[in-house]
Amino acid sequence: METFLAHLQREASEAIARAFAGSLTPEEAKADLAPCAQDEFGHYQCNSALRLSKQLKQNPRAIAQKIIDALDPLFLKTFSKIEIAGPGFINFTLSPLSLSHQLQGMLKDSFLGVPRPRKQQKIIVEFSSPNIAKELHVGHLRSTIIGDCLARLFEFLGQEVVRLNHIGDWGTQFGMLITLMKEEAPAVLHGKEKTDLEKLLTWYRASKKRFDEDSSFKKRAQLEVVKLQSGDPEAMHAWKIICDASRKGFQEIYDLLDVRIVERGESFYNPFLKEVVDELGHKGLITVSDGAKCVFLEGFKNREGDPLPLMVQKSDGGYNYDTTDMAAIRYRIFVDRADRIIVVTDNGQSLHFQLVFAAAEKAGWLDPKKTQVDHVGFGLVLGTDGKKFKTRSGETEKLIDLLTEAVDQARQIMIERLPTVSKEEIERLATVIGIGAVKYADLSSHRTKDYTFSYERMLRFEGNTAVFLLYAYVRINGIKRKTQADMNYLLAHNHISLHHPTEISLGLHVRRFGEILESVARDLLPNRLADYLYELAEKFNAFFRDCRVEGTAEEGSRLLLCELTARVLKQGLEILGLKTVERM
Ligand code: ARG
């Protein structure tokens, strides 16, 4: 099923082409359309007359009239009103009958009226990407939540999605860590004793301190790096043990968040680093600066205004973060053959990725016409004090504590609200609501801005919160239960027929689901979906206030509208990574 916006766009473009045959190219005849900001003026607006007036040297209102006159008469029946407004906008108002038919179509469509791709795209979404032997922090949490949401969106849109975890599992930190563990935890390195992320973290901190203070330790650590990089079996074994223990810690969080992700860490690209640098050299892109191999690109400057290069090989011959990312983009283009590559990290890495993309283009690997690349940046997480977020203990932001705290607070609220409900169910509700609240608070704020983390705010029943949306879903199901509606019977024997203004307003909003998803997929802004769902819940509440369902002549139609609203709400929440509950 096509979105209505796309349908209207097609019809309006054809009308423009007909009305001004011979004077416009097909590209120029393409109609500019947008949803209206307010339903009172119309549902969709065409702005083409203003653009065309200069070119055609005609009055825009006259052009608008010609476009309307050239619309397919059969298509005109879709509208109850078409008006020329202001300097020459055309406002279209859907007729309740046509809208009802379209909603009926959505009910019958397992994709809820959201279009299927003509050609499936392969989309890489790289997200989360924590570092071995280091704690996941709130930045990784944002990356995980936003990345998972984008992956879910493209999966629902019918694309082939590859979810990649680009974990930091390589680099000099392993030299220090292994050297320290050889002294302090040899049994762990020999696989005789188990360890966990927590312990690795303490050793990591200690190793860093020793590295800075003790020159003989430093030397040993550097030798250990060389050993690891040359594939020495003993060093490799130690590395693997460290990675495995970290992985378990990460997995615990992914499980709690219900996030699937495939690991393809930095070490994966090791075998390609040398050829990447060689190839850049052959293509004449390398300049040696202070002994390091660099790629200088036009327009990239650091804060001081000096040229900012991508450094692909350090003066000591070692490779680094930049090299790995060049290898990664090359691999994703030529081996994965991705149509779109999305990387989710904090805003702080934005310049780095612009450099990588520009360098890949200059190397002839990236053709923006064939492969779309997006760095999806996000802001900081702030505490209610306006400073960088810290957990109650105050030290490093331990992610698992942060999530458990949200679940604990949700549990407390549920125990108070539902005193007679079983312990198991409270537990399930607490997890769905607590985790959902954390995800929703993140996704509902514009991702490029900093966002303030507040348990109290995210668990409120009013306002744009997960709890408000989950509760709306519970209410809709309550209506279905109360009327003892047999949905299958209704779906087969009844149809949606809209009359009341708030009912029409809800129906129109429901119909826009596909348009919203397409806009999120284009601009990668999940908050638009959150806003849409919030408005959906509000429109539903208004409908429920104004329109009686039970025992009226409209009961069948209204129950179907409830059903469709519930499906859209549930699907939308699912794309945001939220589960729903049956009561709360
Ligand atoms: N491991 C990095 C960090 O914790 C994020 C990796 C981002 N992805 C990339 N391809 N460089 O900051």
Side-chain angles (χ1 to χ4, degrees), residues 123-148 150-151 162-174 177 197 200-201 204-205 208 239 242-243 246-247 249-251 253-254 259 261-270 272-273 276 295 308 310-312 318-336 338 340-360 365-366 371-381 388-389 396-399 447-448 524:
I123 302 183
I124 290 180
V125 186
E126 188 222 278
F127 64 98
S128 196
S129 309
N131 302 311
I132 294 290
K134 295 188 195 169
E135 197 72 58
L136 265 96
H137 55 67
V138 284
H140 295 123
L141 176 67
R142 284 209 86 177
S143 172
T144 308
I145 291 173
I146 296 169
D148 178 54
L150 296 175
V162 185
R163 301 159 162 259
L164 290 185
N165 200 355
H166 190 90
I167 61 170
D169 63 352
W170 201 249
T172 43
Q173 80 262 33
F174 285 96
L177 190 57
L197 188 52
L200 283 175
L201 210 68
Y204 174 75
R205 289 203 196 104
K208 219 167 146 189
W239 170 73
I242 294 170
C243 290
S246 290
R247 232 170 244 139
F250 301 158
Q251 195 55 45
I253 286 162
Y254 298 141
V259 165
I261 190 159
V262 177
E263 184 179 320
R264 196 200 269 174
E266 293 179 6
S267 67
F268 176 89
Y269 301 99
N270 271 338
F272 313 113
L273 301 180
V276 160
V295 179
L308 180 72
L310 201 66
M311 192 204 284
V312 290
Y319 303 114
N320 59 16
Y321 198 63
D322 291 1
T323 331
T324 311
D325 271 327
M326 287 305 288
I329 193 165
R330 181 169 166 267
Y331 192 92
R332 290 166 185 179
I333 292 171
F334 294 110
V335 183
D336 292 322
R340 188 169 184 182
I341 301 167
I342 295 169
V343 181
V344 187
T345 80
D346 62 298
N347 287 335
Q349 298 199 40
S350 164
L351 190 58
H352 164 75
F353 283 103
Q354 299 320 319
L355 268 165
V356 168
F357 297 160
W365 302 339
L366 173 64
T371 318
Q372 188 180 346
V373 288
D374 295 280
H375 172 249
V376 171
F378 52 81
L380 300 173
V381 182
K388 243 179 135 169
F389 185 82
T396 47
E397 324 89 324
K398 266 190 68 190
L399 213 53
R447 63 170 164 78
T448 61
L524 309 173

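All residue numbers refer to positions in the sequence shown, counting from 1. Read the numbers this way: they start at 1 and go in the same order the structure lists the ligands and their atoms. The structure presented is a predicted model; accordingly, all values stated were derived computationally and were not measured.
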Next item on the list: Could you pull out all residues at least two apart from E126 that satisfy side-chain hydrogen bond (donor to acceptor under 3.5 Å, both in side chains)?
Entry: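 Here the qualifying residues are S129, R332.
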
Check: Under 30°, 30 to 60°, or over 60°: which ring-plane class applies to F174 and W239, parallel, tilted or perpendicular?
Finding: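 If you compare the ring of F174 with that of W239, the planes turn out perpendicular.
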
Margin query: Show me, by chain and number, every protein residue that has a heavy-atom distance under 4.0 Å to ligand 1.
Written below: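 The answer is E126, S129, N131, H140, H166, Y321, D325, T345, Q349, F353, counting any residue whose heavy atom sits under 4.0 Å from ligand 1.
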
Check: Judged by modelled atom types alone, do Y254 and S128 share a side-chain donor-acceptor pair under 3.5 Å?
Finding: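 Per modelled atom types, Y254 and S128 side chains form a pair under 3.5 Å.
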
Next item on the list: List for me each residue that meets salt bridge (Lys or Arg N to Asp or Glu O under 4.0 Å) alongside D148, sequence neighbours excluded, and say none if there are none.
Entry: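 Checked D148 against salt bridge (Lys or Arg N to Asp or Glu O under 4.0 Å); matches are R152, R163.
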
Note to self: For D374, give me all partners under salt bridge (Lys or Arg N to Asp or Glu O under 4.0 Å), at least two apart in sequence or on another chain.
What the structure shows: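 Scan of D374 (salt bridge (Lys or Arg N to Asp or Glu O under 4.0 Å), adjacent residues dropped) gives R340.
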
Next item on the list: Measure from NZ or CZ of R247 to the centre of the six-membered ring of F250, then state whether that distance is under 6.0 Å and the direction lies within 45° of the axis.
Entry: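 Output no; distance or angle outside limits.
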
